Amino acid sequence: MQVNENFKPVIVAFCCNWCSYAGADLSGTNRLNYPANVKIIRVPCSCRVNPMFILRAFQKGADGVIICGCHPGDCHYTSGNYFTRRRITLLYSMLDFLGIERKRTRLEWVSAAEGAKFASVMEQFVSDVQKLGPNRRLEDLRCRKQ
Amino acid sequence: MNKNLKDWIDITSGVNVRKCMRCGKCTATCPSYNEMEYHPHQFVYMVERGEIEPLINSESLYKCLTCFVCVERCPRNVEPAKVVEAVRLAAVRRQGKNHLSAEQIPPALDDDMPQQAIVTAFRKYTK
Amino acid sequence: MQEAMIKRAVQLLADGTVNRVMGWKRGEFVYDITPAVFTTAEELEKDFVCDDFTQANLSKYLVKESRKEGKILAFLKPCDTYSFNQLVKEHRIIRENVYVIGIPGGPKLDIEKIKAKGITGILSVENENYTLKIETIYGTETMPFSEAVSGKCSGCKSKKHVAYDELIGDDGEVLDSNRFDMVAKLENMTSQERFDFWRGELSKCIRCNACRNVCPACTCENCVFDNPKSGIDQKAAADSFEEKMFHIIRAFHVAGRCTDCGECSRVCPQNIPLHLLNRKFIKDINELYGEYQAGADTTSRAPLNNYNADDCEPSVVHERGVE
Amino acid sequence: MQRIGVFVCHCGTNIAATVDVKAVAEALGHEAGVVISQDYQYMCSESGQNLVKNAIKEHKLTGVVVCSCSPRMHENTFRKAAASAGLNPYLVEIANIREQCSWIHKDIASATEKAIILGRAAIAKVHLNTPLTSMESPVVKRALVIGGGIAGIQTALDIAEAGFEVDIVEKEPTIGGKMAQIDKTFPTLDCAACILTPKMVEASQNEKITIHSFSEVSDVKGFVGNFTVTIKKKARYVDETKCTGCGLCTEKCPMKKVPNEFNMGLDNRRAVYIPFAQAVPKVATIDPNYCMMLKNGKCGVCSKVCSAGAIDYKQTDRFVEQKYGAIVVATGFNPIKLDKYDEFAYSYCPDVVTSLELERLMNAAGPNGGTLLRPSDKTHPHTIVFVQCVGSRCDDGKGKQYCSKICCMYTAKHAMLIREKYPDTEVYVFYIDVRTPGKNFDEFYRRAVEQYNVHYIKGMVGKVSPKADGKIDVQASDLLAGEQLHINADMVVLAAAIEPDKTARPLATMLTTQMDTNDFFTEAHPKLRPVESATAGIFLSGACQGPKDIPETVAQASAAAAKAIGLLCKNSITCNPCVAHSDELMCNGCSACEKVCPYGAITYQDKEFRMPNRTTAVRRVASVNPAVCQGCGACTVACPSGAMDLNGFSNSQIMAEVDAICK
């Protein structure tokens with residue numbers, strides 16, 4: 001597949017305040033580089049991420065959406081990420097069913113101590129989306145900047 | 001270690017030998033203990049280590065009565081008897097090692113033997 | 001059947017058990033059936049109908065009706081009782097205010113399938129030993145019953161009533177249906193093929209909201225798409241994405257609650273197979289979290305409001321089937 | 001119209017080296033609603049904060065965006081600064097342009113571009129921020145301890161010591177729990193009663209402590225700081241206030257054949273009884289299942305002999321309602337039933353006993369007065385076999401998957417005590433692993449092996465068969481010797497697994513606390529909050545949270561007390577205002593949110609709503625208790641109608657951020 005080097009995918013990352021957001025901070029503290037395309041939105045828990053947010057991001061032109069939460073069993077609110085796991089599994093399955101490229105969506109468990117993992121996950125996710133090219137199947141053409 | 005053979009035993013027996021916590025309860029009440037070279041817990045452990053050849057070559061294989069006491073008692077649900085049976089099958093199914101040939105059958109026949117037993121034995125002990 | 005139902009309804013009205021009856025009545029044409037509430041024996045005898053076209057699921061209407069003064073009698077087909085149970089579980093129907101009579105289910109007929117044979121000017125449709133005798137203004141036509149069976153009945157999941165106060169006719173069994181075949185077929189397509197399929201289907205959507213309005217799981221006081229605070233309120237489909245978003249979110253909101261009654265596809269004026277979205281969720285839930293039939297009882301926890309510590313990771317989606 | 005101030009921090013060169021801060025301030029200054037956009041060397045410094053404060057006053061700002069380091073670092077700093085300048089602290093948003101931008105990117109152009117986008121997202125969010133105020137909720141200065149074992153007693157004593165009223169609810173006629181039944185304690189071998197009974201007396205004499213013995217919790221309402229609990233005081237047919245505990249009734253009662261549960265049914269008590277000599281409260285209780293008077297109205301001996309006139313055959317269950325600020329659960333454990341383990345012959349051979357039964361058999365106050373005799377023929381046992389892990393570490397559906405933790409140590413204790421008292425008795429211990437982590441624990445176990453010559457054999461007992469001559473054949477494997485053994489034993493002692501008390505499950509439902517699949521209470525955080533439940537104001541003490549020995553139980557009991565005291569010390573609790581709230585007009589009352597709430601913060605009520613045409617309709621709607629909600633947001637996604645939203649992270653706020661990023 002032809003990879004367009006000039007294409008800069010827009011990546012939205014929803015990060016749980018207690019684990020992944022702190023993990024992202026740690027990768028910053030350790031100066032671990034990952035692509036600038038990733039923009040993080042802080043949520044109290046991964047279970048706060050409504051499927052509507054994900055679809056909205058795609059609608060407004062995001063090329064990939066990643067959700068990061070605490071590892072199962074480590075949720076600050078004891079059970080939030082277990083609900084996230086079911087909801088997001090089903091949502092991703094539905095997006096796949098509708099023919100949306102699988103690699104545009106991802107869920108990762110990143111703890112507050114895993115700065116390096118955060119950086120490498122982002123690195124890889126951006127490169128996967130880069131290979132897929134712009135999100136044509138799920139965007140709202142009206143909102144796209146020309 | 002024969003990886004394929006170990007995998008075959010794992011699949012055939014349906015037993016996850018890694019669940020064993022080595023308590024020895026299976027061996028504790030095995031009625032064939034005295035006749036066996038390898039005891040139920042050793043079967044499980046040796047399969048875990050992939051040492052299946054010695055088991056196949058051991059007479060212990062045919063001393064197991066398949067009474068299922070070990071299965072009944074095992075606190076971890078490991079089911080040693082099924083491991084023994086799987087190893088036994090591995091031995092039985094070896095090419096060229098048929099335990100029964102067609103010629104051997106007529107002399108073994110007697111009037112009391114049910115027809116079904118002969119057919120079953122022949123099916124089971126030949127490849 | 002219809003006579004027995006009217007007779008029983010009249011009895012229950014007379015002895016004061018109920019003060020209203022929920023059923024169906026005929027519109028301008030024989031196949032033009034609409035749910036209706038009857039309050040007198042006269043009305044019942046004049047308008048009440050139960051035939052091969054009375055498909056509509058009455059459960060949803062009971063959300064409002066069960067909150068009115070007095071008790072209402074509702075005739076529910078097996079599939080409707082699942083929706084009924086689900087709504088009772090969600091505290092949407094007040095169970096004490098409804099007297100449920102279970103009646104045998106379909107298969108019911110889809111008039112569109114008859115019309116598709118080029119039969120027009122229909123005056124009446126009779127089922128004679130599974131051959132339809134259709135009187136039209138142009139004369140009599142016939143066609144096999146099986147060819148006119150409604151889509152929602154062809155994948156019937158159960159003939160068993162899961163909630164009722166009394167039964168007319170016999171109770172049936174949960175069936176072994178083939179309802180997931182089409183979902184499985186789509187799953188086995190490539191990503192591009194699936195996308196093309198759904199673009200073709202969903203682009204027909206005119207956002208008439210019929211699917212939402214008929215759905216017995218969509219009983220929100222105010223739909224999230226009509227709620228200005230939700231951030232996604234929309235008036236109509238302005239572009240190809242919005243109806244996609246609408247249908248995904250709608251399917252997601254009813255996931256684990258949808259009883260697979262098939263009303264959404266039945267009422268869709270554009271004939272979009274919307275039930276496939278719901279069935280996809282049901283199939284996934286069954287495969288990933290264990291068999292679950294919404295509405296089969298009134299106590300179990302919906303799969304999306306539940307979890308197991310060893311649930312699968314979302315990556316299973318990415319690992320199975322073809323990309 | 002919003003008036004938003006944007007403040008871009010250089011953080012020395014931390015940010016300024018890779019992000020063109022001037023350009024960021026310039027670009028964000030053009031965003032809608034922004035009236036001032038400044039950059040500064042160190043925004044978190046005194047003068048930096050003053051910059052923000054002055055701008056708030058001067059420009060009458062309605063929102064503040066600080067582009068700086070992580071909000072986990074300085075969000076509070078800037079919130080406080082805003083508050084001191086008269087702006088609601090929740091109208092401040094942080095754009096993280098250090099950890100998530102300048103520190104990870106090297107290219108100035110792309111880092112600057114990203115910083116601007118992050119700033120825009122924060123501005124978009126702050127447009128929708130609403131002023132939030134922390135709610136204050138008063139704290140009732142009284143604690144409830146459920147369970148009167150050593151855990152409950154210790155917790156109650158500690159809380160009372162701190163000066164708070166505390167009630168103990170105990171379902172048995174006396175407090176003391178399992179520890180009262182134990183003979184000696186490891187690893188010091190001091191007598192359990194000698195160290196426990198003074199604590200029981202202390203609890204009964206402490207004027208801050210009220211003991212509700214023979215009582216159960218029947219209902220719990222309310223939330224942290226303000227629970228209303230209904231306590232059911234079961235009828236004991238004896239007036240507690242009159243009974244002096246003289247025990248005359250328990251001697252005169254003609255009903256002699258009642259199994260004595262305190263001695264594990266190894267001997268009998270009367271229908272009217274005091275469980276043991278040091279019981280607290282020392283009050284008699286009549287067992288209605290055996291009392292002839294209560295069963296058929298014939299007898300009345302106890303009433304005749306009672307000089308205090310305390311016997312009251314007409315007593316009924318009473319209900320007491322009380323308000324509490326904190327609740328500590330200390331419901332403890334029980335050994336599991338061994339009816340599924342036929343191979344150990346427990347159900348039909350009296351000489352096969354559990355370890356707890358052995359405690360009673362060896363106890364001076366036990367059925368044999370402290371002499372170890374076989375229950376069947378009262379002869380002295382010469383060979384005793386101990387079996388470890390009976391029902392523990394089992395994956396066979398009959399037992400428990402966990403390790404019961406205390407058995408290794410008490411078995412070493414039993415073996416040692418027997419060998420010391422009866423040197424002619426041979427003791428065999430069959431073990432799978434010996435687990436002795438704990439202070440002086442392994443030394444203790446080694447002493448049993450080395451000094452007391454206890455035979456520790458690695459292997460499991462497979463079958464226990466009573467023989468005709470009264471002996472017991474124990475068939476086992478010795479894995480290290482590779483032998484199958486037969487031991488001709490006189491007694492077999494089974495280290496039965498322990499499980500949470502059966503009352504714990506319904507209690508957890510009442511308290512809306514979480515339990516694991518084994519019915520142990522789940523702690524709020526397995527490492528950092530081990531004595532709190534996830535439900536605010538409910539604390540966990542002792543074995544109800546997991547198997548524990550006495551030292552651990554007491555340590556946890558005091559820790560739970562400290563947590564409860566910390567709560568009771570406050571006059572009111574300040575609640576995090578970033579909590580969920582339900583829009584009643586949108587809510588369907590479907591209960592989806594309630595199901596996913598880990599804190600039980602959501603309740604339902606029927607409310608009347610105005611409908612068109614001057615009619616009204618009653619609808620069930622959810623309401624969130626802001627004192628209990630912790631703000632995870634699980635409910636907001638479970639809610640199909642969008643009625644449930646989260647303060648500080650509302651649907652529209654997050655959506656605005658998404659839009660700003662994707663624009």
Side-chain angles (χ1 to χ4, degrees), chain A residues 46-47 49-62 65-69 71-75 78-109 128 132 135-144, chain C residues 183 186-187 189-199 201-202 224-225 230-232 238-242 244-249 251-253 255-256 276-281 283-285 287-289 303-323:
Chain A
S46 58
C47 70
V49 180
N50 197 315
M52 291 192 297
F53 303 160
I54 299 165
L55 295 180
R56 173 70 155 226
F58 282 126
Q59 179 185 20
K60 296 290 176 183
V65 175
I66 181 166
I67 299 165
C68 300
H71 285 269
D74 288 351
C75 178
T78 65
S79 55
N81 52 4
Y82 288 129
F83 292 120
T84 309
R85 187 161 60 177
R86 282 201 171 186
R87 290 166 182 166
I88 299 302
T89 302
L90 290 181
L91 180 76
Y92 286 179
S93 176
M94 178 53 80
L95 291 179
D96 178 48
F97 187 61
L98 294 174
I100 312 309
E101 301 94 331
R102 291 172 175 183
K103 289 197 165 152
R104 290 200 193 280
T105 52
R106 192 153 163 184
L107 176 73
E108 279 290 337
W109 310 123
D128 285 348
L132 287 175
N135 166 27
R136 294 269 176 250
R137 290 188 185 170
L138 251 182
E139 73 178 307
D140 175 0
L141 293 168
R142 281 181 321 160
C143 300
R144 192 72 173 173
Chain C
V183 176
L186 278 165
E187 283 172 347
M189 292 180 177
T190 65
S191 178
Q192 183 67 46
E193 285 167 343
R194 280 199 296 271
F195 178 69
D196 291 341
F197 173 84
W198 282 111
R199 185 172 53 186
E201 292 294 345
L202 292 179
V224 70
F225 285 100
S230 72
I232 54 157
D239 56 72
S240 68
F241 187 82
E242 288 195 352
K244 226 178 248 151
M245 177 132 164
F246 171 76
H247 289 299
I248 300 170
I249 293 294
F252 189 82
H253 279 179
L276 292 178
L277 296 176
N278 301 325
R279 278 193 187 159
K280 168 66 178 164
F281 274 134
K283 185 166 179 281
D284 274 349
I285 288 169
E287 285 169 5
L288 302 175
Y289 309 122
L304 270 172
N305 296 338
N306 207 352
Y307 65 86
N308 259 323
D310 50 4
D311 278 340
C312 59
E313 294 292 328
S315 52
V316 295
V317 175
H318 296 188
E319 283 151 11
R320 68 184 175 192
V322 280
E323 165 81 54

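The structure displayed is predicted, hence computed values, not measured ones. Naming convention: chains lettered A, B, ... in sequence-line order (proteins, then strands); numbering from 1 in each chain.
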Side chain, backbone, both or neither: which part of C:Asn306 has an atom under 4.5 Å from a heavy atom of chain A? both
What verdict does the side-chain contact (heavy atoms from CB on, under 4.5 Å) test give for A:Ile67 and A:Tyr92, after you've listed the backbone C-alpha separation in whole Å, the side-chain angles of each residue and the deciding distance to 0.1 Å? CA-CA 11 Å; A:Ile67 299 165; A:Tyr92 286 179; 3.7 Å; yes
Check the pair A:Arg86 / C:Tyr289 against side-chain contact (heavy atoms from CB on, under 4.5 Å), numbers first and verdict last. CA-CA 9 Å; A:Arg86 282 201 171 186; C:Tyr289 309 122; 3.3 Å; yes
In terms of heavy-atom pairs under 4.5 Å with chain C, which of A:Thr89, A:Leu95, A:Asn50, A:Thr105 leads? A:Thr89
Between the main-chain N or O of A:Ala62 and the side-chain N or O of A:Asn135, is there a donor-acceptor pair closer than 3.5 Å? yes
Where does A:Leu107 contact chain C at under 4.5 Å (heavy atoms): side chain, backbone, both or neither? side chain
I'd like to know which of A:Ser79, A:Gly99, A:Pro72 tops the heavy-atom pair count under 4.5 Å against chain C. A:Gly99
dist A:Arg106:CZ -> C:Ser315:OG (nearest 0.5 Å) comes out at 9.5 Å
Are the side chain of A:Arg87 and the backbone N or O of C:Phe252 linked by a donor-acceptor pair below 3.5 Å? no
Using non-hydrogen atoms and a 4.5 Å limit, figure out which bit of C:Glu193 sits close to chain A: side chain, backbone, both or neither. neither
Part of C:Val183 within contact of chain A (heavy atom distance under 4.5 Å): both
Where does C:Asn308 contact chain A at under 4.5 Å (heavy atoms): side chain, backbone, both or neither? both
With a 4.5 angstrom heavy-atom cut-off, could you sort out which part of C:Leu277 is near chain A: side chain, backbone, both or neither? both
C:Tyr307 vs A:Tyr82 aromatic rings, parallel, tilted or perpendicular, using cut-offs 30° and 60°? parallel
